Amino acid sequence: MSYNHGSIDAKWQAAWAKAQIFRAQDDSPKEKYYVLVEFPYPSGAGLHVGHPRSYTALDIVARQQRMLGKNVLFPMGWDAFGLPAENYAIKTGIHPSVITKENIDNFRRQLKAIGFSFDWSREVNTTDPAYYKWTQWMFLRFFKAGLAYKSTMAINWCPKDKIGLANEEVVGGKCERCGTAVEKRDKEQWMIAITKYADRLIDDLDTVDYLPKIKKQQVDWIGRSEGAEIDFAVVDSQEKITVFTTRPDTIFGVTYLVIAPEHPLVESLTTSEQRDTVHSYIASVATKTDMERGDDTKAKTGAFTGSYVINPANHERVPVWIADYVLGHYGTGAVMAVPQHDERDLAFAQTFNLPIVDRPLISFADALAKTGGKKTVQYKLRDWVFSRQRYWGEPIPLIHCDHCGWVPVPDDQLPVLLPDVANYQPTDNGESPLASIDSFVNTKCPTCGGDAKRETDTMPNWAGSSWYFLRYIDPNNNNEFASAEKLKHWLPIDLYNGGMEHTTLHLLYSRFWNKFLFDQGLVPTSEPYARRHSHGLIMSEDGTKMSKSVGNVINPDDIVNEFGADTLRVYEVFMGPFEEPVPWSTNGVVGVRRFLDRVTKLPDFIAPAESPDVTKALHKTIKKVSEDITNFRFNTAVAAMMTFVNTVFEQGSITKPSLLTFLAILTPFAPHVGNEVNEALGGTSLMEAGNWPTFDPALIVDSEVTIAIQVNGKLRSSLTVALDLPESSLVTQAQSDPNVAKFLISPIKKTIVVPNKIVNFVI
RNA sequence: GCCGCGGUGGCGGAAUGGUAUACGCGACGGACUCAAAAUCCGUUUCCCGUAAGGGAUUGAGGGUUCGAGUCCCUCCCGCGGCACCA
């Protein structure tokens, strides 16, 4: 048979849709298996070849699990709020929902063309009011639990465009659109207290199966460190400065104190002589990012406040400086400097000629006792800034009343719909475009009925993606975000895959969100994901990042049209180790297509009997592919299948049952080809209805093994001998091998034998 | 800069501390063909050698071990993240 992908792809995709075989059953007696991929942001550029890497891998898992008899939930949806659609609207005036719908339709078409076994009946869309109603409802649970609060935070502000900018829109400290230097501007923002969950977010990692590097990165991001807060009294003042230190044992080596330029006491500590110096220093820091401030390769900067404090341990008088290497949002925004024990303090002391003293350490407890300090725990993790001054996001469902304060919109009035606006440009004063719609803003207080105003900030797109996996479980429920019974049936997610780049934000936010819902009694498990894997990025052929602006983006449509969906699928997982970034190679695609062409020729080799080598190879391949799928080593699984096909070509024959067995393990990778070859062999049912094959351990045992013979660890010869040959006869044979004997020039001190592997003579 | 991950043939990569370079690409040779493409068969880490064989080799340097791509230390380079891109 020949492989005409153009007709084959469409034919089997239609057959799957008709049979509805990928629908998850809520009431099946089969064991459940919930496999999840991160849902995409439907960008205008369409699907990128990076998307199908993860989708193919988990599609293989989902298809294998179905063949193993599981009731599989493998859903897909759209994380569709976000900046690009809004910026497009600002430019063109076209409503973001219009372009979003077009993009989603395009993404859906592209995904269907690759033959993924998603349950399309459960599609969710974060911008659908029936969906964001529940995002808003959940936000109100945070609010009512006291975890949502207002705080002043700095935003990026372009003074020319008069709008707030996302970090991504700030390039080298300048506004991406107009090039004007970006300023920091304080703004009242809604925050969510994720730090209250910091300990559990670390400790509960012990209960889940994540790749070790994912756990490590989350732990480091949360950055728990135990230390102490110690008060230093300010000389000639009622004020005191509280420092956080992980090294209270070094207290005798303190020669100065440093506070962050944002520290609330800066003004009161600055003496009149130092005022100009301090002010100009603070102005110079204002445009720097935390990254620039933390750069240890640059010279330290700072300014003396003119004030002194008393070291509570030895009552020495030490000066107070401000310096940007101390960050206002970490710890207490103040540190005690010990140049003797800290490299950054040392560098600062050397720069400003501050004393460096050599004093003995004392014990942690002893220090605390001497200073009246208290033990505390600090986290690098910061609370979640939940406000955006943007249009294309979920409205925050709160109302401000002068009498009652912030009042939640009653549940029965949700969702607070995004109103249409005439202009998507944020307002001059930094408010969201919603602030200019009087009919939206002006409302009545739900509590007292008086005049009140709606919150006009919207939520970050992390909101909708923090709980989408719950909605897939019961996507059309109008009364609850999902029924408790169904949640209990499907949770936790058995396997979740996404990009490494989502490890510290989305993955952490969604774990936190789920834990909160768990505490509220709304979901049955404290952790949403039982197992988490990550994939690496696909780079362009030259190893650089694919980007629309460079024009080196590969569109999966082109690969599907030219080589077929299965070629794309198999190449996506064959190209390299799943977790690592890999460059795209169109030559590599050709090789996969050749492999699939060879598969379609296998029926020509069908014979009543096959060589034992083919039988052995088949069982080894079943074992290898089964293990490799479990271990996310899809590249070597494909290599094993290639090796098997090569074996059949070499041996020239295969029985029909063996070929059908091979097709069963191939089908999750190449479902169109698997079904087509099966049909050519007279099969009348879908391959997806079959079972995952098992291997016979007796059939994969080799009767002979090749043993490496080494002298002093250097390979000198090799021997092919019977399996489990007794050590003594093996050593005798090895010693008499001429290529070995000539190197045994001095007496053998030691002989190391690794059974069925190696003999090493040490002389 | 800080945190995390990685570095193996001409290229993508494979390898429970035990024969480095599986599988694929490319290249070269052969078969088929009037010819080409496609396909099939073979060779292919590098150096010396007709061969047998020998030597070198997993970013650089050092260490542990009978034995190191794999473990440890120092350094170099690349990738991801750094909280308002998703």
Side-chain angles (χ1 to χ4, degrees), chain A residues 38-41 43 79 81-84 153 155-156 164-170 189 194 211-214 216-221 223 289-298 325 329 380-390 460-462 465 499-506 508-509 534 536-537 539 541 543 545 571 574-577 579-592 594-595 597-598 601 633 635-636 638-643 646 649-650 706-718 739 742 749-752 754 757-763:
Chain A
E38 285 174 351
F39 63 165
Y41 174 76
S43 75
D79 186 15
F81 277 127
L83 266 191
M153 296 295 297
I155 62 166
N156 302 307
L165 299 175
N167 286 346
E168 199 193 42
E169 298 173 297
V170 180
Q189 308 264 39
I194 188 173
L211 288 182
K213 65 176 174 184
I214 297 176
K216 187 95 178 32
Q217 212 166 306
Q218 288 214 341
V219 169
D220 288 351
W221 178 260
T289 64
D290 283 1
M291 248 180 282
E292 288 164 339
R293 289 172 55 166
D295 192 337
D296 286 342
T297 58
K298 302 241 169 66
Y325 77 96
H329 53 71
K380 289 211 178 77
L381 181 70
R382 315 207 286 259
D383 276 344
W384 182 359
V385 184
F386 205 72
S387 289
R388 299 290 183 274
Q389 292 73 46
R390 290 286 181 167
N461 59 345
W462 308 110
S465 62
M500 269 316 285
E501 70 276 16
H502 292 128
T503 301
T504 52
L505 297 179
H506 160 67
L508 201 65
Y509 288 143
S534 279
L537 282 182
M539 320 293 282
E541 302 225 15
K545 213 169 165 173
Y571 179 66
F574 179 62
M575 62 195 301
E579 289 146 34
E580 303 297 328
V582 236
W584 180 265
S585 161
T586 299
N587 281 338
V589 175
V590 171
V592 168
R594 285 208 270 257
F595 161 64
D597 278 330
R598 280 158 77 90
K601 288 181 184 137
R633 306 174 54 94
N635 54 332
T636 53
V638 173
M641 290 189 284
M642 287 173 166
T643 305
N646 291 347
F649 269 63
E650 275 159 34
T706 305
I707 313 272
I709 315 298
Q710 302 177 334
V711 178
N712 282 352
K714 243 182 184 336
L715 181 71
R716 292 305 175 186
S717 185
S718 62
N739 285 328
K742 70 182 183 192
K749 280 201 281 195
K750 199 171 165 189
T751 304
I752 288 150
V754 181
K757 283 251 162 88
I758 258 184
V759 176
N760 185 15
F761 297 109
V762 184
I763 61 169

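Computed from a predicted structure; not experimentally measured. Throughout, protein chains are lettered first and strands after them, A, B, ... in sequence-line order, and every chain is numbered starting at 1.
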Less than 4.0 Å between a side-chain N and a carboxylate O, is that true for [Y] and [X]?
X        : Y        : answer
A:Arg390 : A:Glu169 : yes
A:Lys216 : A:Asp220 : yes
A:Asp295 : A:Lys298 : yes

Spacing of the [atom1] atoms in [M] and [N] (rounded, Å):
N     : M     : atom1 : answer
B:G63 : B:U70 : C1'   : 15 Å
B:U64 : B:U16 : P     : 25 Å
B:G26 : B:A37 : P     : 13 Å
B:G54 : B:A20 : P     : 13 Å
B:C25 : B:A38 : P     : 12 Å
B:G81 : B:A86 : C1'   : 13 Å
B:U8  : B:U21 : C1'   : 7 Å
B:G30 : B:G49 : P     : 25 Å

Exercise. Kindly confirm or rule out a cation-pi arrangement of A:Arg598 over A:Phe649, judged by NZ or CZ under 6.0 Å from the six-membered ring centre and within 45° of its axis?
Key: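 Ring-cation test returns yes.
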Using purine N1 to pyrimidine N3 plus N6-O4 or O6-N4 for Watson-Crick, or N1-O2 and O6-N3 for G-U wobble, each under 3.5 Å, what pairs with [N]?
N     : value
B:C75 : B:G59
B:U19 : none
B:C2  : B:G81
B:C40 : B:G30
B:C25 : B:G10

Starting from [atom2] on [N], measure out to [atom1] on [X] and report it in whole angstrom.
X        : N     : atom1 : atom2 : value
A:Leu537 : B:C79 : CG    : C1'   : 8 Å
A:Asn760 : B:U19 : CG    : P     : 12 Å
A:Asp295 : B:G1  : CG    : C1'   : 4 Å
A:Glu541 : B:C11 : CD    : C1'   : 10 Å
A:His506 : B:G80 : NE2   : C1'   : 16 Å
A:Trp584 : B:G13 : CH2   : C1'   : 16 Å
A:Ile758 : B:G17 : CD1   : C1'   : 10 Å
A:Ile763 : B:C66 : CD1   : P     : 15 Å

query = Can you tell me if A:Asp79 and A:Asn461 form a side-chain donor-acceptor pair at under 3.5 Å?
reply =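 There is no such pair between these side chains.
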* Side-chain donor-acceptor pair under 3.5 Å between A:Thr586 and A:Glu541, yes or no? ->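 A:Glu541 and A:Thr586 do have a side-chain donor-acceptor pair below 3.5 Å.
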Would you mind building the protein contact string for [range]? One character per nucleotide, 5' to 3', B for base within reach (heavy atoms under 4.0 Å), S for sugar-phosphate only, - for untouched.
range                        : answer
nucleotides 81-86 of chain B : SBBBBB
nucleotides 43-53 of chain B : ----------S
nucleotides 20-26 of chain B : --BBSSS

| How should the glycosidic conformation of B:G9 be described, syn or anti, under the criterion that syn lies within 90° of 0? |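 Nucleotide B:G9 adopts syn.
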- Item | Flag side-chain contact, heavy atom, 4.5 Å: A:Asn635 against A:Pro577 |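 Yes; the side chains approach each other to less than 4.5 Å.
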TODO: Answer yes or no: is there a side-chain heavy-atom contact under 4.5 Å between A:Val589 and A:Trp584?
DONE: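 They are in contact (side-chain heavy atoms under 4.5 Å apart), so the answer is yes.
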Can you give me the closest heavy-atom contact between [X] and [Y], atom names plus distance?
X        : Y        : answer
A:Ile155 : A:Gly164 : CD1-CA, 4.2 Å
A:Gln218 : A:Leu508 : OE1-CD1, 3.4 Å
A:Glu580 : A:Lys213 : OE2-NZ, 4.4 Å
A:Ser534 : A:Leu211 : N-CD1, 3.9 Å
A:Pro460 : A:Phe386 : CD-O, 3.0 Å

Looking only at B:C66, B:G4, B:G80, the nucleotide nearest the A:Lys750 side chain is B:C66
When the ring planes of A:Tyr509 and A:Trp462 are compared, do they come out parallel, tilted or perpendicular, using 30° and 60° as the limits?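 It falls in the tilted class, 30° to 60°.
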Tell me what [X] touches on the nucleic acid: a base, only sugar-phosphate, or nothing, going by heavy atoms under 4.0 Å.
X        : result
A:Lys749 : nothing
A:Thr706 : base
A:Val754 : base
A:Lys216 : sugar-phosphate

| query | Starting at the 5' end of RNA chain B and moving along, which residue's nearest nucleotide shows up first, A:Ile214 or A:Asn712? | reply |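 Going by which nucleotide is closer to the 5' end, it is A:Ile214.
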